[in-house]
J.: 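Please see the structure below; I have some questions.
The figures that follow rest on heavy atoms only: side chains count, while hydrogens, waters and symmetry mates do not.
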Amino acid sequence: MSAVHPKSADSQDIWQSLRRHTQARIGLGRSGDAQPTRSILEFRAAHALARDAVRQPFDLQLLAQRVAGVGLGEPVAVTSRANSRGEYLRRPDLGRLPEDLSEIPFSAAEVGFVLCDGLSPAALTEHGVELLRALTDVVGAHRTIAAPVIATGARVALGDHIGQAMGVQTVVVLIGERPGLSVAASVGLYLTHLPRPGRTDAERNCVSNVHPPEGLGYREAAHVIDSLITGARRLGRSGVDLKATSAGALDIRTTLDGHVLS
């Protein structure tokens, strides 16, 4: 007969303490040689939420009304060259290219915000407007901001085309991040200084995991973006040479005659 090893009260307390600091699945336990039924059902539920977040219908009209209420002007809606959600998922390249940008007014503002459905339209619906409001309060306190743009079927690089059409010095893309088994609705922010088609991922900065209360808060994310904008203008570019801590302090690194300056 095999020995039975019940969980001790001490081990239970250890796992409970750790769970307060992470959304990861830890200390799940076991039932025989398998996970407990409860853990399996929770995993399946999280997987279903992640799938639903990708496929959730995007209410563009409702989002546009809420974005207009932020006070930056009436948003312009654009689409990528992906003609359906299925094509968007199969063809990432089409999500990086605009269908038509002729309706975007040229503003010559310092900063432009682009709200993209991305891989989690649910995240943009849940967090996009309040995040935009925080960005407007923090960044708009000392910079000019163009009227926002809402892009559907969008990947991050579509923001470079839109930013160039807006005429802004810096474009910030708010996009629904790829859903995971811990978080199905999280927004990422991608900043590109002097946007134009052909910019690479190395030429932009990312602030991810925005989904309060568990993730990064709206105003905290806004302050980091504001610091990155300041650093990008000082450096003349965004990307790998530009860093920002979670507290918003800048760490700018560039090279001069082979030497790294901090």
Side-chain angles (χ1 to χ4, degrees), residues 53-54 56-82 85 88 95-101 103-105 107 109-140 143 145-168 170-179 184-192 195 204-212 215-219 221-222 224-226 228-229:
V54 174
Q56 175 178 308
F58 184 55
D59 193 334
L60 175 60
Q61 183 175 3
L62 176 61
L63 183 67
Q65 291 174 354
R66 295 176 61 204
V67 167
V70 174
L72 292 175
E74 290 293 329
V76 175
V78 301
T79 64
S80 72
R81 294 186 187 176
R85 193 64 180 169
Y88 169 79
R96 302 185 184 106
L97 300 173
E99 183 65 33
D100 180 16
L101 301 180
E103 296 299 317
I104 296 178
S107 71
E110 293 175 275
V111 181
F113 294 118
V114 182
L115 293 86
C116 301
D117 52 358
L119 286 166
S120 179
L124 190 66
T125 299
E126 182 175 348
H127 302 292
V129 175
E130 290 307 314
L131 178 55
L132 178 64
R133 196 181 305 278
L135 288 163
T136 301
D137 290 344
V138 174
V139 177
R143 304 198 191 282
I145 301 176
V149 173
I150 301 175
T152 56
R155 302 279 177 170
V156 173
L158 184 61
D160 296 332
H161 297 263
I162 297 172
Q164 185 182 59
M166 296 169 84
V168 296
T170 306
V171 68
V172 180
V173 171
L174 293 67
I175 190 167
E177 294 182 311
R178 184 186 305 274
S186 178
V187 174
L189 296 140
Y190 290 83
L191 178 150
T192 307
R204 48 181 152 256
N205 295 85
C206 175
V207 178
S208 64
N209 206 36
V210 181
H211 60 96
L216 192 65
Y218 303 137
R219 291 195 70 86
V224 176
I225 286 294
D226 190 47
L228 286 168
I229 294 172

J.: Report the residues that fulfil side-chain hydrogen bond (donor to acceptor under 3.5 Å, both in side chains) with D59, sequence neighbours left out, ordered by chain and then residue number.
T.: none
J.: When rounded to the nearest 0.5 angstrom, what distance separates OG1 in T79 from CG in L97?
T.: 11.5 Å
J.: Between P98 and R81, what is the shortest heavy-atom contact and its length?
T.: O-NE, 3.0 Å
J.: Please list, chain by chain and in numerical order, all residues satisfying side chain to side chain contact (heavy atoms under 4.5 Å, CB included) with A146, sequence neighbours excluded.
T.: S107, A109, M166, V168
J.: Give the intermediate values and the outcome of side-chain contact (heavy atoms from CB on, under 4.5 Å) for residues L174 and L135.
T.: CA-CA 10 Å; L174 293 67; L135 288 163; 3.9 Å; yes
J.: With sequence neighbours left out, write down each residue that passes side chain to side chain contact (heavy atoms under 4.5 Å, CB included) with E74, or none if nothing qualifies.
T.: A68
J.: Applying side-chain contact (heavy atoms from CB on, under 4.5 Å) between L191 and each of V111, V171, V172, report the one that passes.
T.: V172
J.: Do V224 and L189 make a side-chain contact, defined as non-hydrogen atoms from C-beta onward lying under 4.5 Å apart?
T.: no
J.: Tell me every residue that passes side chain to side chain contact (heavy atoms under 4.5 Å, CB included) with E110, counting only those two or more places apart in sequence or in another chain.
T.: R143, T144, Q169, R233
J.: Using the test side chain to side chain contact (heavy atoms under 4.5 Å, CB included), find all partners of A64 that sit at least two apart in sequence or belong to another chain.
T.: P75, I150
J.: When rounded to the nearest 0.5 angstrom, what distance separates OG in S80 from CG in D100?
T.: 12.5 Å
J.: Rounded to the nearest 0.5 Å, what's the gap from CD1 on I162 to CD1 on I104? Could you check?
T.: 5.0 Å
J.: Which distance, rounded to the nearest 0.5 Å, do you find between the CG of L72 and the OG1 of T136?
T.: 4.0 Å
J.: For residues 153-162, which residue pairs pass the side-chain hydrogen bond (donor to acceptor under 3.5 Å, both in side chains) check, not counting sequence neighbours?
T.: D160-T192, D160-R204
J.: Of all heavy-atom pairs between A221 and L216, which one has the smallest distance, and what is that distance?
T.: CB-CD2, 3.7 Å
J.: Could you tell me which residues satisfy salt bridge (charged side-chain N to carboxylate O under 4.0 Å, His left out) with D137, sequence neighbours excluded, listed by chain and number?
T.: R219
J.: Which pair of non-hydrogen atoms, one from G159 and one from V173, has the smallest distance, and what is that distance?
T.: CA-CG2, 3.7 Å
J.: Run the side-chain donor-acceptor check on residues 121-133: report pairs under 3.5 Å with partners two or more places apart or on a different chain.
T.:
residue, atom, partner, partner atom, Å
T125, OG1, P121, O, 3.0
H127, ND1, Y218, OH, 2.8
H127, NE2, A185, O, 3.3

J.: Considering only residues two or more places apart or on different chains, which pairs with a residue in residues 60-72 satisfy salt bridge (charged side-chain N to carboxylate O under 4.0 Å, His left out)?
T.: none
J.: For S186, what residues pass the side-chain hydrogen bond (donor to acceptor under 3.5 Å, both in side chains) criterion, not counting sequence neighbours?
T.: E177
J.: Under 3.5 Å, is there a donor-acceptor pair between the side chain of D117 and the main chain of A154?
T.: yes
J.: Between CZ of F58 and OG of S120, what distance do you get to the nearest 0.5 Å?
T.: 10.5 Å
J.: Would you say the side-chain atoms of D226 pair up with the backbone N or O of V139, donor to acceptor, closer than 3.5 Å?
T.: no
